Amino acid sequence: MNAWNETLSIFALGGVYEIGKNMYGIQYGDEIVLIDCGSKFPDESYLGIDLIIPDISYLLDNQEKVRALIVTHGHEDHIGGIPYFLRQLNVPVYGTRLTLGLIELKLKEHNLLHQSTLISIDRDSTISFGSLTISFFQTNHSIPDCLGVVFETKAGAIVHTGDFKFDLTPVHKQSPDLHRMAEIGQKGVLALLSESTNAERPGFTPSEKHVGDRLLEAFSKAHQKIFVSTFASNVYRLQQVIDAVEATNRKLALLGRSMVNVVKIASEQGYLHIPEGMLVEIEEVGELDPARVAILCTGSQGEPMAALSRLSTSGYRHVKVERGDTVILSSSPIPGNERNVARIVDNLFIMGANVIYGSGTGMHVSGHGFQEELKLMLTLMKPQYFIPIHGEYRMLHQHRQLAESVGIDFESIFIINNGDVVDIQDGVAVQERKIPAGNTLVDGLGIGDVGNGILRDRKHLSEDGILVIVVTRSKTDGKILSGPDLISRGFIHAPESEGLLEEATRLASEVITNLQEANVSQWNRLKQGMRESIGKFVYAKTKRRPMILPIIMDV
């Protein structure tokens, strides 16, 4: 066996120094196995972008080595990039029943289901790829069927926790398998990759059951319609809403495509139990007594086109939020979404609704372990090396400090960025090399075709607008036949700025004449001359820098 085959490499293509688009890889010799392929939503700096997914150029360059994609659970930040990934690299996808059900929905939308290979696994499954043997252990999170992953190699065992908390009174009886975790740690763990989302929060995460009590209390006090907004994939929360609806003798309507889809799949697979006759169509809500109606909807993160946002602006024909209705936000904003959520809450209050939101209401508990749970995982696994993952830098940093507090040496902890590789050979780990990594932007049907240049242009247009200069000239002798004509969009209001546009038109005509007299006839030289002269003139007059787009047509 050569030296490379004895090297065990761990790398991240997404999920560190950020929240979302989780994707990690284990490479042992000629075998690469991937963990998760998520997405994240863009912030306001990504103008017009729909989704951000991992850059998989390294995997495409080494596609003959990529054996499988293992998915720890069904949240968007772990499965959202899968359709785009499989379109370029069609490898088997392994996941639990519910996880695969949610992935199937995505693949159907992308017309990829029939050409994809989906393989069901559970906590007792074992799979092998060459020198890699992979097993699993059950964890507890805010969605059923979550797994941690163990990679057993001749070099040692690598453990990836997936997302987890230690909820000892779970809603669906899927308790964290402490005995299995302890057994893995007892056998020896070479390196542990553990999530860091709540590494800044002391103590233990409250149990999901606490939310059920608060929901039932709010439902009992409400006298009109009740709207509950939460993550569609938080199946445990959905069941507790259903239980509160049943206890208060209400009917339940679903609003939002993802909510309808998840409820359908989770019900079919036995993860949700909805009493017969409870569900009604949203069109029927107006015919029912408001005191006997509850609506479960998407949009708890303030997404502009999601159900809650549209409700807050009266954007639905069949149902409206009216004075005296109760609106419950059963979630906490993901970092970056706070402003959108606050705007929706303001709108709902203006409409006269009783809005229950925020961390102090007890309407949400996290699905990610707090500090004591992260320390418990570290103590159970007792790794030789530790790599905190799944979080922004401050979270990774805090997780490193937690690891030191339970006895792991500072030198044995690696905080990696996307593209960083930790190589382990002869039991010694080093982080000295990088692989290509970054963001791939999804815009409509385009994947990766929007780069920094286009984003800069969009930002420029959004800030100062555009000034188009249209000139038509003779193909035979180069004389101007018409124009220059100036068209302003997002720069100045033409009727109120006729003088400025007339001056700019005269200047454009002078620039063309002067360049032609100097025997300059090439399009690019003419365009560049107009950009520079008109740009300086406009800035001097307005202190604005619109995008200047000359168009020269030869006829």
Side-chain angles (χ1 to χ4, degrees), residues 41 43-44 142 210-234 237-238 240-245 247-248 250-260 262-263 279-366:
F41 292 108
D43 60 31
E44 60 273 9
S142 55
H210 295 324
V211 179
D213 297 336
R214 301 284 77 77
L215 283 168
L216 181 57
E217 181 182 343
F219 269 66
S220 301
K221 292 179 179 178
H223 301 296
Q224 291 185 202
K225 295 193 299 295
I226 300 174
F227 297 83
V228 182
S229 182
T230 189
F231 290 108
S233 58
N234 192 339
R237 190 70 47 79
L238 304 186
Q240 298 203 100
V241 171
I242 291 165
D243 293 344
V245 171
T248 54
R250 290 175 179 259
K251 297 290 186 180
L252 179 66
L254 307 176
L255 204 52
R257 186 180 63 166
S258 61
M259 185 66 73
V260 172
V262 170
V263 168
L279 283 180
V280 296
E281 296 297 327
I282 198 69
E283 293 82 1
E284 301 175 52
V285 167
E287 303 170 7
L288 301 173
D289 179 358
R292 291 289 171 259
V293 174
I295 293 129
L296 192 51
C297 65
T298 57
S300 62
Q301 295 303 305
E303 305 96 313
M305 295 307 295
L308 187 64
S309 179
R310 294 174 63 188
L311 285 168
S312 73
T313 56
S314 299
Y316 272 106
R317 183 158 52 97
H318 298 291
V319 61
K320 295 186 182 301
V321 176
E322 299 172 300
R323 184 167 298 279
D325 287 347
T326 298
V327 181
I328 301 170
L329 273 67
S330 187
S331 65
S332 60
I334 294 172
N337 292 344
E338 295 90 350
R339 187 183 304 173
N340 288 341
V341 173
R343 184 180 64 251
I344 287 173
V345 171
D346 280 346
N347 289 345
L348 292 168
F349 273 127
I350 290 170
M351 298 168 85
N354 170 34
V355 188
I356 303 174
Y357 69 102
S359 57
T361 63
M363 291 297 179
H364 178 69
V365 297
S366 178

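The structure displayed is predicted, hence computed values, not measured ones.
Proximity of a side-chain donor or acceptor of K221 to a complementary backbone N or O of E217 within less than 3.5 Å is not detected. No donor-acceptor pair closer than 3.5 Å links the side chain of S309 to the backbone N or O of A306. Side chain of Q240 to main chain of R237: no donor-acceptor pair is present (N/O by atom type, distance under 3.5 Å, no hydrogens or angles). Distance alone, capped at 3.5 Å, is enough to place a donor-acceptor pair between the T230 side chain and the S330 backbone. R292 places no side-chain N or O within 3.5 Å of a backbone atom of R250 that could act as its donor or acceptor partner. At least one donor-acceptor pair closer than 3.5 Å links the side chain of K225 to the backbone N or O of K320.
Nearest heavy atom pair, residue A222 against residue T326, reads CB-OG1, 3.7 Å. Across every non-hydrogen atom of T298 and G256, the tightest pair is OG1-CA, 3.8 Å. In terms of heavy atoms, V228 sits closest to V241 at CG1-CG2, 3.8 Å. Counting all heavy atoms, side chain and backbone alike, L255 lies closest to M259 at O-CB, 3.9 Å. C297 and A307 make their closest contact through CB-CB, 3.9 Å (heavy atoms, listed as atom of the first residue, atom of the second, distance). Here the shortest heavy-atom pairing between V245 and A294 reads CG2-CB, 3.8 Å.
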Q: Dump the intermediate steps for side chain to side chain contact (heavy atoms under 4.5 Å, CB included) on S312 and R343, then the final yes or no.
A: CA-CA 9 Å; S312 73; R343 184 180 64 251; over 6 Å; no
Q.
Would I282 and V285 count as a side chain to side chain contact (heavy atoms under 4.5 Å, CB included) here? Give the steps.
A. CA-CA 5 Å; I282 198 69; V285 167; 4.0 Å; yes
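Looking only at side-chain heavy atoms (C-beta outward), L252 and V280 stay at 4.5 Å or farther from each other. At a threshold of 4.5 Å between non-hydrogen side-chain atoms, the residues N347 and V321 do not count as touching. In this structure, E338 and V341 have side chains that are not in contact, with every pair of non-hydrogen atoms separated by 4.5 Å or more. In this structure, D325 and I226 have side chains that are not in contact, with every pair of non-hydrogen atoms separated by 4.5 Å or more. By the 4.5 Å heavy-atom criterion applied to side chains, L308 and V327 are counted as neighbours. Contact annotation: the side chain of F227 never approaches that of L296 to less than 4.5 Å [non-hydrogen atoms, C-beta and beyond]. Using a 4.5 Å heavy-atom cutoff, the side chains of T361 and R214 are not in contact. Using a 4.5 Å heavy-atom cutoff, the side chains of M363 and L215 are in contact.
Residue L348 forms a side-chain contact (heavy atoms from CB on, under 4.5 Å) with just one option from I350, I344, D346, and that option is I344. In summary, of the residues considered (S366, S229, S300, S142), a side chain to side chain donor-acceptor pair (under 3.5 Å) with S331 occurs for S300 alone.
N234 pairs by the side chain to side chain donor-acceptor pair (under 3.5 Å) definition with nothing, not counting sequence neighbours. Judged as a salt bridge (Lys or Arg N to Asp or Glu O under 4.0 Å), and not counting sequence neighbours, the contacts of R257 are E109.
Here the CZ atom belonging to F231 is positioned 12.0 Å from the CG atom belonging to L238, to the nearest 0.5 angstrom. Here R317 contributes atom CZ and R310 contributes atom CZ; the two are 10.5 Å apart, rounded to the nearest 0.5 Å. One distance of note links CD of E287 with NE2 of H318; it measures 10.5 Å at 0.5 Å rounding.
No more than 12 heavy-atom neighbours from other residues, nucleotides or ligands sit within 6.0 angstrom of OH on Y357.
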